[in-house]
S.K.: 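Before we start, here is the structure in question, set down as structure tokens.
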2 protein chains.
Amino acid sequence: MDSKTRAQLLDAAELLLLEEGYAAVTSRRIAARAGLKPQLVHYYFRTMDDLFLEVFRRRAEVNVARVEEGIATGGPLQVLWQLNADLEGARFNIEFVALANHRKAIRNEIARYAERFRAAQLVAITAALDSLGVTNDQLPPIVALLMMTGLTQILALEDALGVTAGHDTTRAFVEQMIGRLDPNSVDT
Amino acid sequence: MDSKTRAQLLDAAELLLLEEGYAAVTSRRIAARAGLKPQLVHYYFRTMDDLFLEVFRRRAEVNVARVEEGIATGGPLQVLWQLNADLEGARFNIEFVALANHRKAIRNEIARYAERFRAAQLVAITAALDSLGVTNDQLPPIVALLMMTGLTQILALEDALGVTAGHDTTRAFVEQMIGRLDPNSVDT
DNA sequence: GTCTATAATCAGATAGAC
DNA sequence: GTCTATCTGATTATAGAC
């Protein structure tokens, strides 16, 4: 069965990761947060890497599904923007990329996911730009996608630092632009 | 005097940071890399935070100076792009932001630097867009700057993961665009 | 199947030797 | 001023109790 204890540990790990960064995610602190004994971490997850991977996969699945559903739901550009503009999600990504930088097993998993996520988003943005009459010469879909993703990453990164000058202006600008381009989009 | 040993430790720390991420930067590993004893780290730097800050400052000073010099030197857009497009520099930033996420003293220092760096870049890009006749309504300078920075960060981030699909296309696109806009720029 | 006691390792930091 | 021996505590992981 899917143990309740196991889920508690995963939840605690995810919270710690977002609040204090991956280096704070130790078996002791996870357990303390969940009100459990540290050794339980190693009962439910063989190594800390296994735990990190499970935390990552839970989110990754949700994100890929959201993009794939989102394509049909609303204005595709807006859906992609809002998905990327999720600050929590972006911080989550940053932590895992930093973590991946020195853990091989995790790097491979994240790279595979990043490619899957990228492909799903690319389909959506390619269709959107195409239907708007934007040619590949004017703005290749991959460039638009990387710009959007990059923009949201930097906003999240700076936000975490407490540096937010120009952020509102930037969000407003992008949302206004998307509003003009996406026919069936609505203000939030 | 500026001890040679001290400089060796800083160099080793910076290398470790870039190659294996900030979590690999421990007193033991720094010393091993420099061929010195771990305790020397604590002789030359009171705490590990002090060491991290010193590593950070060395680079930060260079970067700010480069922007300020760069404004006058060549096409401002191109100068800013090349500075941001430096993969090593971007990875350096990512590591420090992740580190800052759970070390207060470091966060403050990085935030102050980020603001200083941002201001210097903003002066340059504002002048550039202005001289090109781009109005604030068409593209606010801060948006252009965040887009450029975000783009380079995501390129560096993905590159570290081994995910590079679309990167060449994107770099070529941006450089071509800058080439058209910046009158006195040259191909690399 | 669930959890605990304990080992083995490694971290940052300090007090003190040269 | 330069470096080392050593302390204290934290971390991952395993072997074994219930």
Side-chain angles (χ1 to χ4, degrees), chain A residues 1-56 95-96 98-107 109, chain B residues 1-57 95-96 98-109:
Chain A
M1 82 160 183
D2 252 329
S3 162
K4 186 185 158 191
T5 305
R6 187 186 149 95
Q8 283 177 319
L9 291 171
L10 284 173
D11 291 342
E14 186 169 308
L15 271 174
L16 267 175
L17 184 80
L18 288 172
E19 286 173 7
E20 306 187 48
Y22 77 83
V25 183
T26 67
S27 52
R28 320 281 254 237
R29 301 202 56 184
I30 292 169
R33 190 119 227 237
L36 298 164
K37 297 269 165 98
Q39 303 94 316
L40 286 176
V41 171
H42 288 279
Y43 170 64
Y44 288 103
F45 310 93
R46 207 178 57 84
T47 67
M48 291 301 288
D49 275 13
D50 287 339
L51 179 139
F52 274 118
L53 284 175
E54 196 97 358
V55 169
F56 182 76
E95 286 300 325
F96 265 103
L99 181 58
N101 202 11
H102 60 102
R103 304 238 200 163
K104 224 179 188 174
I106 290 177
R107 170 156 55 222
E109 179 88 6
Chain B
M1 83 160 181
D2 252 331
S3 162
K4 185 185 159 189
T5 306
R6 187 186 151 95
Q8 282 178 319
L9 291 171
L10 284 172
D11 291 343
E14 185 169 308
L15 270 174
L16 266 175
L17 184 80
L18 287 171
E19 285 172 8
E20 305 188 50
Y22 77 82
V25 183
T26 66
S27 51
R28 321 275 259 230
R29 299 201 56 186
I30 291 169
R33 191 118 228 238
L36 298 164
K37 297 269 165 100
Q39 304 96 314
L40 286 176
V41 172
H42 288 279
Y43 171 65
Y44 287 102
F45 310 92
R46 207 178 58 84
T47 67
M48 289 303 286
D49 276 12
D50 288 339
L51 180 140
F52 274 118
L53 284 175
E54 196 98 357
V55 170
F56 182 75
R57 284 195 200 107
E95 285 301 324
F96 266 102
L99 180 59
N101 201 12
H102 60 101
R103 303 234 201 166
K104 225 178 188 172
I106 290 177
R107 171 157 54 221
N108 289 338
E109 178 88 5

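Chain naming here is simple, since letters A, B, ... match the order of the sequence lines and numbering starts at 1 in each.
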S.K.: Nearest 0.5 Å please: distance from the CD1 atom of Ile30(A) over to the CG atom of Leu15(A).
M.R.: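 Going from CD1 on Ile30(A) over to CG on Leu15(A), the span is 11.0 Å.
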S.K.: Can you list, in residue-number order, the parts of residues 17-40 of chain A that come under 4.0 Å of DNA chain C, counting heavy atoms only?
M.R.: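 Only Lys37(A), Gln39(A), Leu40(A) qualify.
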S.K.: What residues, two or more places apart in sequence or in another chain, satisfy salt bridge (Lys or Arg N to Asp or Glu O under 4.0 Å) together with Arg29(A)?
M.R.: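 For Arg29(A) the salt bridge (Lys or Arg N to Asp or Glu O under 4.0 Å) partners, ignoring immediate neighbours, are Glu20(A).
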S.K.: Please list all pairs meeting ring pair (Phe, Tyr, Trp, His ring centres under 6.0 Å) that have one or both residues in residues 26-55 of chain B, counting only residues at least two apart or in different chains.
M.R.: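 Passing the test, one end in residues 26-55 of chain B: no pairs.
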S.K.: Quick one: pull up CG in Leu53(A) and CE in Met48(A) and give me the separation to the nearest 0.5 Å.
M.R.: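 The CE atom of Met48(A) is 11.5 Å from CG of Leu53(A), to the nearest 0.5 Å.
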S.K.: Could you list by number each residue of residues 41-51 of chain B showing a heavy-atom separation from DNA chain C of less than 4.0 Å, or answer none if no residue does?
M.R.: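 Contacting residues: His42(B), Thr47(B), Met48(B).
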S.K.: With rounding to the nearest 0.5 angstrom, report the CG to CZ distance, Leu36(A) to Arg6(A).
M.R.: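 These two atoms lie 14.0 Å from each other.
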S.K.: When rounded to the nearest 0.5 angstrom, what distance separates CZ in Phe56(A) from CG in Leu51(A)?
M.R.: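 The CZ atom of Phe56(A) sits 14.0 Å away from the CG atom of Leu51(A).
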S.K.: Per the salt bridge (Lys or Arg N to Asp or Glu O under 4.0 Å) rule, what does the pair list look like for residues 32-43 of chain A, sequence neighbours excluded?
M.R.: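 Of all non-adjacent pairs touching residues 32-43 of chain A, those that pass salt bridge (Lys or Arg N to Asp or Glu O under 4.0 Å) are Glu19(A)-Arg33(A).
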S.K.: Under 3.5 Å, which donor-acceptor pairs do the side chains of residues 100-108 of chain B form with other protein atoms, sequence neighbours left out?
M.R.:
from, atom 1, to, atom 2, distance (Å)
Asn101(B), ND2, Glu95(A), OE2, 2.7
His102(B), NE2, Tyr22(B), OH, 2.8
Arg103(B), NH1, Asp49(B), OD1, 2.4

S.K.: Could you tell me the separation between the CG atom of Leu16(A) and the C1' atom of dT11(D), rounded to a whole number of Å?
M.R.: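 Atom-to-atom, Leu16(A) to dT11(D), this comes out as 15 Å.
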